Amino acid sequence: MLKFFAKSLLWTAAVLFVVAVVTYRPLPEGVVRPDSRFLDDTGGTALGRALAAGRDAHPEGSGIWPLADGRDAFVARALLADAAERSIDAQYYIWRDDISGRLLYRALVRAADRGVRVRLLLDDNNTRGLDPLIGTLNGHANIEVRLFNPFMHRRFRFLGYLSDFPRLNRRMHNKAFVVDNRAAVVGGRNVGNEYFGVGDGVMFADLDVLATGAAVDDVSRDFDRYWNSAASYPAEAIVPAGLPVVDLGGDPRSVPEAAEYLDALGASRMLQRLKDGVLPLDWVRARLVSDDPLKALGRGSLESSLLGKLVDILGEVESELVLVSPYFVPSVEGTEALVSLRRKGVRISVLTNSLAATDVAPVHAGYAKYRRPLLSAGVRLFEMKREGDAPTARDVGLTGSSASSLHAKTFSVDGRRIFVGSFNMDPRSVHLNTEMGLMIESPALAGELQRALEEKGLAHAYAVSLEDGGLRWTTREEGREVVYDEEPESGWLQRAAIWVLSRLPIEGLL
């Protein structure tokens, strides 16, 4: 039996090798990438004039407004796109062709029709089926689309993984939306219904910030680095010609769900503040940290990486560290670093997804094996609940909402500084994906994260503890404290699968 199994594995490996060799398609050579840069002479635009007073009063500062609510996050992007006069630079890991995605695609086209230059940089991992849409956008005289680290097999993408896995396993996870080089949205959200509170499915609890001032120049320069990098390919070099044109016109309200969402946006707190002319920005110092796009090509150094910059920042922790990550896989090195901070007396709290709330079970398996050493060192662990089957309430802040799965990637240091960006605290973010984010010197925002965890943690999460050698999950349900001695809201088969996955050598892929 063992011989038969070994022989079957060898035959399978041989077949896959042959298929990989036969189907291999190299990236195109001699691709012309016209170099382009962000437009910095935009002070005379409507956005430039509206933000001039704050920028002049804080020449080295950045005006920051947090976007914890999904609808506010959509409104910020949509209103900025409609206000654009010179340029829109958008960079995303995922941009779906669903209700929210199509509404924002239309906003880009409206801007381009007004003469605005639009540059759209998409990671190619999640563009399956979007080639006609990409071709349509790229065909507009004022829109240019580039694909980051593209797949040459446009339909059967698994063939690309078979023949070119080391390259295609590296992705651009960055998220940024910059308008007229005067305002930018940076954070954890991709573009899709689950990020912006559309429909009745499970929503992601996430966090972006709207930034103005000095930070915007940094985000624009970083966009240029990626746009002009060797890993970014003009869409026309990758997407087949002659595809059908996608109609991006028409009345979005013709789709009932879209009409319902547009009506709901009227209750956006941010929209109301903008109408009233009162959006109180927190003018602070903000520093962009990001990976070199060469990381996607397997090159680059620790010094040029986002991790290297964060290690320097975390090395300065004095009293308290609050980590929020949906995919928290600290690894041996990360666990040792956290334990070392605990020995120095630093109070550490971590919020991640529970098994019931996660959308990537193998990542939970990667995290689960580090719970005991972290808890033994005194690290506080909280795991986000999945509550209900439909969103019944608006976001309650940084800890999430009903029917939500955690997606925010943020951490605060000593109640004074907070990071908001795309970086998950896992091996994939460290070694494989490119990431970005803003390190913001804001006691107000950092303090809000700490307060949210302390005041609302047990209402929306399980506090994990180590008692008599076993794990316990404590939460508050209907006003009373409840304790579980198994992973809450999970079955034995699910727990068994996590146990098996946690023992497989897959951590480097998580």
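Side chains included, hydrogens not; waters and symmetry mates left out as well; all remaining heavy atoms used. Sequence positions, counted from 1, serve as the residue numbers for this chain. All values reported here derive from a predicted model rather than from experimental measurement.
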A.B. asks: Rounded to the nearest 0.5 Å, how far does CD of Q91 lie from OG1 of T434?
C.D. replies: 7.0 Å
A.B. asks: Would E60 and R285 pass as an ion pair if we require N to O under 4.0 Å?
C.D. replies: yes
A.B. asks: State, to 0.1 Å, how close P150 and I238 come at their nearest heavy-atom pair, and which atoms those are.
C.D. replies: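 The pair with the smallest heavy-atom distance is CG-CD1, 3.6 Å.
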A.B. asks: Between atom CG of L122 and atom CD1 of I94, what is the distance when rounded to the nearest 0.5 Å?
C.D. replies: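 The CG atom of L122 sits 11.0 Å away from the CD1 atom of I94.
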A.B. asks: Could you check E435, R225, K295 and say which one makes a side chain to side chain donor-acceptor pair (under 3.5 Å) with S290?
C.D. replies: R225
A.B. asks: Determine yes or no for a side-chain-to-main-chain donor-acceptor pair under 3.5 angstrom, with S229 supplying the side chain and Y226 the backbone.
C.D. replies: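 A pair under 3.5 Å: yes.
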A.B. asks: Mark yes or no for whether R146, through its side chain, and A235, through its backbone, hold a donor-acceptor pair below 3.5 Å.
C.D. replies: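 Side chain of R146 to backbone of A235, a donor-acceptor pair under 3.5 Å: no, none is there.
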A.B. asks: For the pair R287 (side chain) and A215 (backbone), establish whether a donor and an acceptor sit closer than 3.5 Å, ignoring hydrogens and angles.
C.D. replies: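 Checking the backbone N and O of A215 against the side chain of R287, no donor-acceptor pair under 3.5 Å is found.
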A.B. asks: Can you check whether I64's main-chain N or O pairs, donor with acceptor, with D282's side chain at less than 3.5 Å?
C.D. replies: no
A.B. asks: With R189 as the cation and Y195 as the aromatic partner, state whether NZ or CZ is under 6.0 Å from the six-membered ring centre and within 45° of the axis.
C.D. replies: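 Cation-pi check for R189 and Y195: fails.
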A.B. asks: Is it true that, when you exclude R128 itself, more than 12 heavy atoms of the residues, nucleotides or ligands shown sit nearer than 6.0 Å to its CZ?
C.D. replies: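 It does not: R128 CZ has 12 such atoms or fewer within range.
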A.B. asks: Any donor-acceptor pair under 3.5 Å linking the side chain of D180 with the backbone of A84?
C.D. replies: no
A.B. asks: Please check this pair: side chain of S325 against backbone of M425, looking for a donor-acceptor N/O pair closer than 3.5 Å.
C.D. replies: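 Pair found, side chain donor or acceptor close to backbone of M425.
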A.B. asks: Looking at side-chain heavy atoms only, is the closest gap between N138 and V239 below 4.5 Å?
C.D. replies: no
A.B. asks: May I ask you to decide if D426's main-chain N or O and N424's side chain share a donor-acceptor pair within less than 3.5 Å?
C.D. replies: no
A.B. asks: Could you check whether any side-chain heavy atom of K409 comes within less than 4.5 Å of a side-chain heavy atom of H173, counting everything from C-beta outward?
C.D. replies: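 A side-chain contact exists here, since the closest heavy-atom pair is under 4.5 Å.
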A.B. asks: Look at D224 together with R119 and state whether they make a salt bridge at an N to O cut-off of under 4.0 Å.
C.D. replies: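 Looking at R119 together with D224, the answer is yes, because their closest N to O distance falls below 4.0 Å.
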A.B. asks: Assess whether side chain to side chain donor-acceptor pair (under 3.5 Å) is satisfied between N169 and R428, documenting all intermediate values.
C.D. replies: CA-CA 9 Å; N169 192 38; R428 173 161 289 277; 2.6 Å; yes
A.B. asks: Kindly give the heavy-atom pair with the smallest separation between D72 and L67, and that separation in Å.
C.D. replies: O-CD2, 4.0 Å
A.B. asks: For a side chain to side chain contact (heavy atoms under 4.5 Å, CB included) check, start with the C-alpha distance between V118 and N142, then their side-chain angles and the critical distance, and finish with the verdict.
C.D. replies: CA-CA 6 Å; V118 177; N142 291 322; 5.9 Å; no
A.B. asks: Decide, yes or no, whether a salt bridge links K175 with D208 under the criterion of side-chain N to carboxylate O below 4.0 Å.
C.D. replies: no
A.B. asks: For the residue pair Y327 and S429, establish whether any side-chain heavy-atom pair is separated by less than 4.5 Å.
C.D. replies: no
A.B. asks: Does the ring of Y233 carry R33 above it, NZ/CZ under 6.0 angstrom from centre and within 45° of its axis?
C.D. replies: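 Pair R33/Y233 counts as cation-pi.
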A.B. asks: Could you grab the distance from atom CG of L310 to atom CG of L306, nearest 0.5 Å is fine?
C.D. replies: 4.5 Å
A.B. asks: Is any side-chain heavy atom of L449 closer than 4.5 Å to a side-chain heavy atom of T410?
C.D. replies: yes
A.B. asks: Check for a donor-acceptor pair, side chain of S268 on one end and backbone N or O of L271 on the other, with a separation under 3.5 Å.
C.D. replies: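 Yes, the answer is positive, given that a donor and an acceptor are paired below the 3.5 Å cut-off.
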A.B. asks: Closer than 4.0 angstrom, basic N to acidic O: yes or no for D164 and R167?
C.D. replies: yes
A.B. asks: Where do M384 and L351 come nearest, in terms of heavy atoms and distance?
C.D. replies: N-CD1, 4.0 Å
A.B. asks: Could you tell me which non-hydrogen atom of F74 sits nearest to which non-hydrogen atom of S100, and how far apart they are?
C.D. replies: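 Between these two residues, the closest heavy atoms are CE1-O, 3.6 Å.
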A.B. asks: Find out whether R37 and N228 are in side-chain contact, i.e. whether some heavy atom of one side chain is under 4.5 Å from a heavy atom of the other.
C.D. replies: yes
A.B. asks: Decide yes or no on side chain to side chain donor-acceptor pair (under 3.5 Å) for S220 and N181, but give the supporting numbers first.
C.D. replies: CA-CA 7 Å; S220 291; N181 192 45; 2.6 Å; yes
A.B. asks: Just to verify, which of M439, E320, E316 counts as forming a side-chain contact (heavy atoms from CB on, under 4.5 Å) with V413?
C.D. replies: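 It is M439, the one option of M439, E320, E316 that forms the side-chain contact (heavy atoms from CB on, under 4.5 Å) with V413.
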A.B. asks: So which heavy atom on P244 is nearest to which on T136, and how close?
C.D. replies: O-OG1, 4.1 Å
A.B. asks: Using ring pair (Phe, Tyr, Trp, His ring centres under 6.0 Å), reason through Y370 and F328 one step at a time and then give a plain yes or no.
C.D. replies: CA-CA 10 Å; Y370 294 107; F328 179 65; 8.4 Å; no
A.B. asks: Does some side-chain heavy atom of L137 sit less than 4.5 Å from a side-chain heavy atom of L248?
C.D. replies: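 The answer is yes, as the side chains (C-beta and beyond) meet within the 4.5 Å cut-off.
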A.B. asks: Looking at N193, is its backbone amide N or carbonyl O close enough to the side chain of D98 to form a donor-acceptor pair, meaning the two atoms are under 3.5 Å apart?
C.D. replies: yes
A.B. asks: Take the angle between the ring planes of F223 and W227 and call it parallel below 30°, perpendicular above 60°, tilted in between.
C.D. replies: parallel
A.B. asks: Please evaluate residues F196 and R77 with respect to the criterion side chain to side chain contact (heavy atoms under 4.5 Å, CB included), reporting the C-alpha separation (whole Å), side-chain torsions for both, the decisive distance (0.1 Å), and the verdict.
C.D. replies: CA-CA 11 Å; F196 296 130; R77 291 165 171 85; 3.6 Å; yes
A.B. asks: Got a salt bridge between R55 and D217, using NZ or NE/NH1/NH2 to carboxylate O under 4.0 Å?
C.D. replies: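 Yes, this pair counts.
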A.B. asks: Check the pair D69 / R269 against side chain to side chain contact (heavy atoms under 4.5 Å, CB included), numbers first and verdict last.
C.D. replies: CA-CA 9 Å; D69 179 84; R269 289 166 290 188; 3.3 Å; yes
A.B. asks: Could you label the plane-to-plane angle of the Y92 and F177 rings as parallel, tilted or perpendicular, counting under 30° as parallel and over 60° as perpendicular?
C.D. replies: tilted
A.B. asks: Donor-acceptor pair, distance only, cut-off 3.5 Å: does the side chain of W95 make one with the backbone of G192?
C.D. replies: no
A.B. asks: Compare every heavy atom of D124 with every heavy atom of N149, then report the nearest pair and how far apart it is.
C.D. replies: O-CB, 4.0 Å
A.B. asks: Got a salt bridge between E194 and R96, using NZ or NE/NH1/NH2 to carboxylate O under 4.0 Å?
C.D. replies: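 Judged by the 4.0 Å cut-off on N to carboxylate O distance, E194 and R96 do form a salt bridge.
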A.B. asks: Would you mind checking if R154 and D131 are paired as a salt bridge, meaning a charged N to carboxylate O distance below 4.0 Å?
C.D. replies: yes
A.B. asks: Is there side-chain contact between S405 and R386, with heavy atoms separated by less than 4.5 Å?
C.D. replies: no
A.B. asks: Would you mind reporting whether Y367 and N353 have side-chain heavy atoms less than 4.5 Å apart?
C.D. replies: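 No, every pair of side-chain atoms sits at 4.5 Å or beyond.
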A.B. asks: How far apart are the C-alpha atoms of I134 and L147, what are their side-chain angles, what is the distance that settles it, and do they pass the side chain to side chain contact (heavy atoms under 4.5 Å, CB included) test?
C.D. replies: CA-CA 10 Å; I134 291 170; L147 300 175; 4.1 Å; yes
A.B. asks: Applying side chain to side chain donor-acceptor pair (under 3.5 Å) to H407 and D206, what does each step give before you reach the verdict?
C.D. replies: CA-CA 5 Å; H407 195 257; D206 220 323; 2.5 Å; yes
A.B. asks: Quick test of your reading of the model: are R86 and D41 salt-bridged, counting only N-O distances below 4.0 Å?
C.D. replies: yes
A.B. asks: Salt bridge check, D113 against R110: does any charged N sit closer than 4.0 Å to a carboxylate O?
C.D. replies: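 Not counted as a salt bridge, because no side-chain N and carboxylate O are separated by less than 4.0 Å.
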